[in-house]
Amino acid sequence: MAPSAAARMPAAPGRADRLLAWFATQRRPLPWRADPDPYRIWVAEVLLQQTRVAAVVPRFTSFVRRFPSVGALARATESAVLKEWEGAGYYARARHLHAAAREIVAHRSGHLPRIAAELAELPGFGPYISAAVASLAFGEPVVALEANGIRVASRWTLEEGDVRRPAVRTRLQHALELELPRHRAGAFNEALMELGETVCLPRHPRCSSCPVAADCRARQELPDPGSVPAPRRPRARPHVLAAIVALARGDRWLVRRRPSKGLLGGLWEFPGGRVEPQEAFEAAAARELREETGVSARGLRPLGVVEHTYSHFSVTLHVFLGEWDGVGRAVGDAPLRWVTRDEFDRLARPAATVRAMALVDRPTGEASRGSGRRPGRRAPSNRGARARPGPRARRAHTTASPTRPRARR
Ligand code: ADE
């Protein structure tokens, strides 16, 4: 077995003190730091898991204004929470946040548990969030290890293993546990992350500004401290090719709620789905509309194409406009609604659906030509900046991942 990182570099006396002294003067004035209430810390940490601090600040501010307490979040509907989360991605996190708030109100008198082991029993509380909330909000002496801490600790200890391996993470965790000041665990964890975000950067660490450079093995022993940890190979993202239909009935549009669990769970979108190998886009759109809703369009017109990249996959959506043919009722295995344009805006939607709607909204061009009855025309919008007018329907090849069984977008 490889020697533990801790064995290879015993905790440097004073390293934690120097880090904490640096943090005391250099910490950024972030909104969840001004009022370190456990609920706010929890919301911030969930948001910080998925994006950069700069992007989290406005989202956090808006979220806690809308849901200022555990009680307010628990009282909200899941739809309201998803709408607030719209565009942030990782919607399961929003659903878990909401479910955990309800559990805390129902079974814990509205108070978050104070230790990581108990927090970990709540929905959405993995090892990182549990340790972060327990240490930052309640001072429990536990290490909260996320990507920044992993990078910093790898450099301090000159970790050679692959940091994606659980055994390597455990090693780094143990190395940090030896340094953790028992009465300042929250500040230590936060300082480590802050150092990773502002100084110990992934490729070009700013070692000359680092308060603990003298105690860092990567800095002391390598020509390029940024080479640790070894950069990971970019993940291959599956690509999904799909066709969707904006189906109009008077001034209403047919929309479908995705199943609550799974990808983009609980969000509302136009009916549609994957294009099968060798299937024409228009045929795929008509088939998906029929399969998902039981109704059909009088005809379908290509509106354009939306390209969107989510965290785990990318999608090309071929967007069609159609008018209900007046036959039958819309029924499917998921909730369906005929909504006005304004009602649609109030529902939580995947980013690609928002872009598809922008194609429908376009006042000129292919989408608007020849459709005197097209409902819900709006002022020009540039929200579809990444949407482009599409080719005429043609035969498609699909690059959809063979490992994904007909997943919806
Ligand atoms: N990244 C995750 N949590 C953080 C925090 N509390 N402060 C700074 N960066 C973070």
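Whatever order the structure lists them in is the order used to number ligands and atoms, beginning at 1.
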For ligand 1, list all ligand N or O to protein N or O distances below 3.5 Å, rounded to 0.1 Å.
unit_1, atom_1, unit_2, atom_2, d
ligand 1, 1 (N), Glu197, OE2, 3.0
ligand 1, 3 (N), Glu45, OE1, 2.7
ligand 1, 3 (N), Glu45, OE2, 3.2
ligand 1, 3 (N), Tyr128, OH, 3.3
ligand 1, 6 (N), Glu45, OE2, 2.8
ligand 1, 6 (N), Glu190, OE2, 3.1
ligand 1, 7 (N), Arg33, NH2, 2.9
ligand 1, 9 (N), Glu197, OE1, 2.9
ligand 1, 9 (N), Glu197, OE2, 2.8

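- Residues forming a side chain to side chain donor-acceptor pair (under 3.5 Å) with Arg102 (at least two apart in sequence, or on another chain): His98.
- Looking at Ser109, its side chain never comes within 3.5 Å of a backbone N or O of His111 through a donor-acceptor pair.
- Side chain of Arg362 to backbone of Leu303: a donor-acceptor contact under 3.5 angstrom is found.
- Taking the centre of each ring, Phe344 and Trp268 stay at or above the 6.0 Å mark.
- Under a 4.0 Å N-O distance rule, the pair Glu86/Arg59 does not qualify as a salt bridge.
- In summary, the aromatic rings of His308 and Tyr310 are positioned with their centroids under 6.0 Å apart.
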